Amino acid sequence: MKMYVIASILTITLAGCSGKSKEPLYLDANQPVEKRVNDLLGRMTLQEKVAQMSQYVGIEHMKVAEKEMTLEEMKKSHAQGFYPNLHSSELIEMTKSGLIGSFLHVTTTKEANLLQSYAAESRLKIPVLIGIDAIHGTGLYRGATIYPTPIGQAATFEPALIEKASRETALEMRATGTHWTFTPNVEVARDARWGRVGETFGEDPLLVGQMGAATVRGLQTADFTGQDKVIACAKHFIGGSQPINGINGAPCDVSDRTLHEVFMPPFKDCLDAGVFTFMMAHNEVNGVPCHVSKYLMTDVLRNRWNFDGIIVSDWMDLEQVHEKHRTAPTLKDAFVQSVNYGMDMHMHGPYFTDMIVEAVNEGLIPQKRIDDAIRAILTAKFKLGLFENPYIDEEQLTAVLFNAEHRHTALEIARKSITLLKNENNLLPIDRSKYKKIFVTGPNADNQTILGDWAFQQPDSCVTTVIEGLRNVSPQTEFNFFPFGTNLRTMEMSRVLQAKEQARKADLAIVVVGENSMRYMWQDKTCGENVDRYELSLVGLQQQLVEEIYATGVPTIVVLVNGRPLTTEWIADHIPALIEAWEPGSFGGQAIAEVLFGDVNPEGKLPMTIPRDAGQIQTYYNYKQTSKWFKYGTGKSTPLFEFGYGLNYSFFEFSPVKLSAAKMPVDGILTASVEVTNTSQVAGAEVVQMYIKDCYSSVVRPVKELKGYKKVFLNPGEKATVTFEITPKELSFYDIDMKYGVEKGEFEIMIGNSSRDVDLQKEMFEVI
Ligand code: BGC
């Protein structure tokens with residue numbers, strides 16, 4: 001490969017110039033990583049060390065900002081990479097001088113290779129670690145496979161499938177020159193107003209943790225050694241998913257108990273799966289900004305959990321400790337506090353290196369703290385094989401990117417994530433012989449909203465929109481499509497009425513509505529990072545559109561494409577068939593069409609409760625009894641759809657729960673089984689869910705908590721026995737003294753196909 005040859009010549013020339021025939025130990029790939037790290041560490045100046053802790057946005061990213069924004073705008077912008085008083089050309093020189101350890105937002109292979117070639121010119125030739133937000137596929141790269149967003153992934157209740165997709169993402173990342181993805185986001189999402197819900201796995205700590213751990217295993221495998229692995233990042237630590245007002249980065253006020261019981265376990269699950277990096281959260285928790293929290297970084301991550309990987313800051317958040325949180329009077333104070341408490345990498349920009357070097361020289365930061373940070377960063381670079389070959393072969397890219405296997409996985413996850421919420425009189429699946437003329441409309445029927453946030457615009461050939469999927473799946477049907485553009489806010493009533501007139505001529509109508517999370521459309525977006533809302537109805541005239549189409553009397557199906565729960569009470573009450581597709585990725589339109597026509601039997605289950613109104617928030621399923629003490633004075637008190645809920649075209653019956661014993665010793669094991677029968681004529685999969693309630697306890701416990709789930713596939717008439725093991729782990733919690741363990745007494749076990757009481761078979765047992 002061309003770049004590699006240039007670099008090899010460069011290496012030989014440099015070795016020749018220095019007059020030494022023998023290469024330093026750290027460049028010898030046969031040496032153990034630890035020895036290589038120590039050897040290199042011993043050769044580094046303090047400035048070179050701290051430079052490894054410094055990350056910058058890619059040069060091309062900066063150039064866009066430099067071209068499109070005034071200096072004033074750049075100063076105010078949070079979204080664009082920019083460094084006032086530092087031009088992109090200066091970054092090249094800094095990289096050549098070994099003054100940058102890592103980049104993010106490098107979105108072309110050409111740039112990735114170029115940056116590595118600059119780094120290869122530095123004194124110690126340390127390659128740069130390139131990070132990217134490959135959240136559901138490496139979506140910031142054009143032409144990549146885009147899998148459903150994590151909220152849809154969670155709806156599959158199949159961690160093994162998510163592990164597979166993550167492994168494929170790692171391959172696509174390495175093929176495009178990136179080595180570190182800032183995923184999984186394992187924040188427990190309890191507030192649908194927060195625009196980032198779509199990049200989480202929903203509201204349940206067990207499901208979030210298992211999906212997060214599967215993502216880590218797929219990306220890193222058992223150990224991330226090798227040129228086809230990447231490192232993962234558990235983020236954002238912690239509490240950002242419970243902002244006081246729904247706004248990204250707003251304060252989180254949370255009890256220590258909830259922090260430990262709800263928010264921390266998924267992060268611990270990722271750590272147990274080997275995650276090598278953690279990202280701190282924008283927000284403060286109980287008054288302390290996460291980025292300078294001794295408690296979170298030193299006490300929990302380093303000391304309690306023995307985490308020795310890389311802690312990275314979020315987007316210029318150390319700067320915010322000084323500028324917004326204002327707990328550090330100067331920027332240097334913020335840097336110093338954070339590094340002292342465990343921060344290893346600064347995302348991103350100038351001043352950090354100089355100020356940290358100065359602080360070490362002044363004795364404000366121990367040299368050992370810096371060395372520990374560098375050890376972790378260099379370990380990653382050695383293990384990932386960057387010293388051996390930092391470059392990528394652009395010609396080999398095509399074999400990996402968007403290849404047949406990856407496309408298949410993306411489609412399979414999309415099929416399994418789609419959740420059927422209502423199907424009155426079995427309107428679905430669509431009977432092709434009855435409904436020959438179908439009217440299709442809605443702003444999300446023919447665009448890339450199906451990809452969700454963290455994806456740039458993809459080539460049209462890589463995306464199957466809903467209308468395209470419908471035409472593929474049912475070529476014999478006559479589809480009349482009425483477009484609405486992508487801007488939900490500027491929909492016109494005259495167009496809505498035109499759509500209504502056209503709908504009258506059809507046998508059936510499909511209306512595809514929801515939100516717009518398209519990252520590159522900052523003005524049009526209604527969902528995604530930094531797009532939070534205080535009410536969750538359909539934006540623009542989408543609700544009117546649905547109502548007008550329904551008013552024609554033509555049977556109407558609504559498909560939702562959205563990255564967070566929407567309050568669609570009227571639709572749930574009136575429209576006979578309702579599908580929640582989340583953001584189903586590259587082949588979302590294909591999967592939706594297959595479900596609509598019954599080629600695929602839907603099996604998705606809600607990973608998050610859907611409220612009737614934003615005022616019901618927080619309305620998660622694992623609430624405490626007193627949350628429902630009284631009813632709201634107006635409207636219903638129940639949510640619109642509960643966690644774990646989802647219909648399919650089959651019907652499953654559950655037998656009563658059978659326990660292996662009525663009593664369980666406090667350190668014992670019990671099994672609970674149910675028999676599930678497919679009593680319908682359609683083969684299908686069901687997610688069997690087990691919930692447990694502690695009947696009396698020293699502190700208030702939730703009405704139920706998910707403690708296990710298993711998916712079974714059953715042919716018509718087929719039965720299966722599903723068995724769960726109950727161990728102390730399933731029954732433990734933090735007691736009145738914050739001691740973790742099981743309290744003796746009665747427990748209720750509930751097994752069924754959603755968290756709704758009516759869907760659960762219940763049995764009691766006693767811990768003795
Ligand atoms: C987000 C992170 C992301 C980072 C880099 C921040 O704004 O909060 O989740 O990894 O940007 O893109």
Side-chain angles (χ1 to χ4, degrees), residues 54-58 60-62 64-65 76-83 102-107 129-141 149-151 169 173 178-187 189 194-201 212 215-216 219 230-243 247-250 252 266-267 270 275-285 289-291 310-321 323-325 343-349 452-456 517 519-520 522 525 527-532 563:
S54 301
Q55 189 178 58
Y56 283 77
V57 291
E60 293 304 320
H61 189 93
M62 276 179 79
V64 175
K76 282 193 219 134
S77 168
H78 177 72
Q80 294 276 3
F82 68 90
Y83 308 117
S102 174
F103 280 96
L104 83 160
H105 287 308
V106 174
T107 54
L129 183 68
I130 303 181
I132 196 138
D133 292 280
I135 310 293
H136 48 112
T138 187
L140 303 184
Y141 192 90
T149 53
I151 191 83
T169 298
M173 283 178 63
T178 57
H179 325 111
W180 179 13
T181 164
F182 306 123
T183 206
N185 180 335
V186 284
E187 295 180 88
W194 187 51
R196 305 190 74 167
V197 161
E199 58 178 284
T200 75
F201 298 107
T215 306
V216 171
L219 293 166
V230 299
I231 47 175
C233 180
K235 74 182 186 186
H236 309 83
F237 202 59
I238 199 167
S241 54
Q242 188 172 269
I247 289 193
N248 196 30
C252 169
F267 286 91
C270 289
V275 76
F276 195 65
T277 78
F278 269 76
M279 187 187 290
M280 301 312 287
H282 291 318
N283 51 283
E284 54 147 288
V285 174
C290 294
H291 279 74
I310 301 168
I311 302 181
V312 63
S313 60
D314 198 356
W315 191 275
M316 303 197 99
D317 269 327
L318 297 186
E319 285 72 1
Q320 305 308 343
V321 172
E323 287 168 21
K324 288 206 169 61
H325 298 297
M343 183 61 67
D344 301 307
M345 171 98 56
H346 172 238
M347 178 197 285
H348 51 89
D453 197 4
W454 297 107
F456 282 151
S517 303
R519 180 148 274 265
Y520 48 96
W522 283 104
K525 282 178 71 162
C527 188
E529 191 194 14
N530 299 332
V531 191
D532 313 299

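Both ligands and their constituent atoms are indexed starting at 1 by order of listing. Side-chain atoms are counted along with the backbone in the values below, which use heavy atoms only and exclude waters and symmetry mates. All of these numbers come straight from a predicted model, not from anything done at the bench.
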Relative to the heavy atoms of [X], which atoms of ligand 1 are at a distance of less than 4.0 Å?
X	result
Phe182	10 (O)
Lys235	2 (C), 3 (C), 9 (O), 10 (O)
His236	2 (C), 8 (O), 9 (O)
His282	8 (O)

Hey, does Trp315 come in under 3.5 Å of ligand 1, counting only N/O atoms on both sides?
-> no
Should the proximity of Leu104 to ligand 1, defined as any heavy atom under 4.0 Å, be assigned to the side chain, the backbone, both, or neither?
-> side chain
Taking heavy atoms and a distance under 4.0 Å, where does Arg196 meet ligand 1: side chain, backbone, both or neither?
-> side chain
Between the side chains of His346 and Glu319, is a donor N or O closer than 3.5 angstrom to an acceptor N or O?
-> yes
Within less than 4.0 angstrom of ligand 1, does Glu199 place any heavy atom?
-> no
Could you check His236 against Trp315 for ring-ring contact (aromatic ring centres under 6.0 Å, His included), going step by step and ending with a plain yes or no?
-> CA-CA 11 Å; His236 309 83; Trp315 191 275; over 10 Å; no
Any donor-acceptor pair under 3.5 Å linking the side chain of His291 with the backbone of Ala281?
-> yes
Without swapping roles, check the side chain of Ser102 against the backbone of Leu129 for a donor-acceptor pair under 3.5 Å.
-> yes
Do Tyr83 and His348 have ring centres separated by under 6.0 Å?
-> yes
Heavy atoms of Ile231 and Thr277 approach each other most closely as CD1-CG2, 3.9 Å
